[in-house]
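Below, chain A is the first sequence line, B the second, and so on; all start at residue 1.
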Protein chains: 2
Amino acid sequence: MEELQFAEYLRHTGLKLTRARRVILQEAFRTHGHFDAEALYSRLKKRRAGVSRATVYRTLPLLVNSNLVRKLDLGEGRSTFEHTLGHPHHDHLVCIDCGSVFEFHNPKIETLQQGICKEFDFEMLSHSQQIYGRCKDCRRK
Amino acid sequence: MEELQFAEYLRHTGLKLTRARRVILQEAFRTHGHFDAEALYSRLKKRRAGVSRATVYRTLPLLVNSNLVRKLDLGEGRSTFEHTLGHPHHDHLVCIDCGSVFEFHNPKIETLQQGICKEFDFEMLSHSQQIYGRCKDCRRK
DNA sequence: GTACCTGCAAAGGCTTTGCATCGGC
DNA sequence: GCCGATGCAAAGCCTTTGCAGGTAC
């Protein structure tokens, strides 16, 4: 279960497993699909979880560093997140007209990326790839 | 020359080629490597080019749409740009410790990306890919 | 002459931070 | 008990916008 992995990461980094962090972790995993910091915070607020916005912002990077959550940049001027368990790695096609996001996964690309990292003697921690364009529905208009 | 391409784009879109836009275009091409809006604006200011920050922010998207400039998301909370002429398409390895950015280009990945777009019936306009990790120098420490 | 463009300053949206208090370990 | 964590509100960035005057075509 994900809390173990988080606890392990925190211990390893000398940080504490607090109530707020547990609640944020749970909410991130309760959410399927993409979410941003504000959305996560609103849901906690609605449930009167007693966690502040600042703590949400402080905790999300920890979840990312522990590889439980992935940070995405969908070009909207804010960070988007998704949890990783049961969501194998994938990348995104983003329609610049309607904002639709399509997910794709391509193992061959990943293999090539690993080759590139080897070439640069670079330790890959995460990677993301966005393709911006127009989806078929928007092209029809 | 790049101004022709920009003029062509503007005409096609029903926009005007103004002095401010010309100056911003030139400054973008005078800059080699990455730059952000603020950096471009400071350089113009230093030269007393008489162009406002607002106009820089309004013009950069036009340069991006005309394919003269590429917009990057290097995960720093702001947009980074680079001009495209003489800079063939490439992607980035970003070191999360020291911030170094290494460029790479891989035609095989591009071919695979095109295949993905075909599969989704998606018209690719641009794409970018970042790999976050640790460079060899930072790993030594 | 008509749209469109510009500069300025203010507003906006997202995120970080200072500080006093609280709480894991 | 110590050092990190939290909440709150304020501050910080980057970026966008309203408006009055200017300008390409």
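At whole-Å resolution of the value, CZ in A/R21 and C1' in D/dG4 are 8 Å apart. Between B/Y9 atom OH and C/dC4 atom P there is a gap of 14 Å when expressed in whole angstrom units. A/L10 places its CG atom 11 Å from the C1' atom of D/dA5, with the value rounded to the nearest Å. Protein atom NZ of A/K71 is 10 Å distant from nucleotide atom C1' of C/dT15, rounded to whole Å. Atom CG in B/L60 sits about 14 Å away from atom P in D/dC14, given to the nearest Å. In this structure, A/Y41 atom OH and C/dT16 atom P are separated by 16 Å, rounded to whole Å. Taking atom CG of residue B/L40 and atom C1' of nucleotide D/dC14, one finds them 15 Å apart after rounding to whole Å. Here C/dG24 presents its P atom at 15 Å from CG of A/L15, a figure rounded to the nearest Å.
When only modelled atom types and interatomic distance are considered, B/S128 and B/Q130 share a side-chain donor-acceptor pair under 3.5 Å. For the residue pair B/T31 / B/R43, a side-chain donor-acceptor distance below 3.5 Å is found, with atom types taken as modelled.
Take the nearest nucleotide of DNA chain D for A/R19 and for B/L17: the residue whose nucleotide is more 5' is A/R19.
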Validation: residues 109-118 of chain A side-chain donor-acceptor distances under 3.5 Å, sequence neighbours left out:
{"from": "A/E110", "atom 1": "OE2", "to": "A/H89", "atom 2": "ND1", "distance (Å)": "3.0"}
{"from": "A/T111", "atom 1": "OG1", "to": "A/P107", "atom 2": "O", "distance (Å)": "3.0"}
{"from": "A/Q113", "atom 1": "OE1", "to": "A/H127", "atom 2": "ND1", "distance (Å)": "2.7"}
{"from": "A/Q113", "atom 1": "NE2", "to": "B/Q129", "atom 2": "OE1", "distance (Å)": "2.4"}

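Judged by distance alone, with hydrogens and angles left aside, the side-chain atoms of A/R21 form a donor-acceptor pair with the main-chain N or O of A/K16 at under 3.5 Å. The backbone N or O of B/N67 lies less than 3.5 Å from a partner atom in the side chain of B/T84, making a donor-acceptor pair. Judged by distance alone, the side chain of B/Q5 and the main-chain N or O of B/S66 form a donor-acceptor pair under 3.5 Å.
A/T18 has no side-chain polar atom (N or O) that falls below the 4.0 Å cut-off from OP1 or OP2 of C/dG24.
Near DNA chain C, meaning a heavy atom under 4.0 Å from it, residues 43-52 of chain B has B/G50, B/V51, B/S52 in order of number.
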Quick tally for nucleotides 15-21 of chain D: nucleotides whose base has a protein heavy atom under 4.0 Å get B, sugar-phosphate-only ones S, the rest -, giving BBBB---
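Relative orientation of the A/F6 and A/Y9 rings is parallel, given thresholds of 30° and 60° on the angle between their planes.
Using a 4.5 Å heavy-atom cutoff, the side chains of A/H32 and A/H83 are in contact.
Remark: aromatic rings of A/H92 and A/H105 are distant, center separation not under 6.0 Å.
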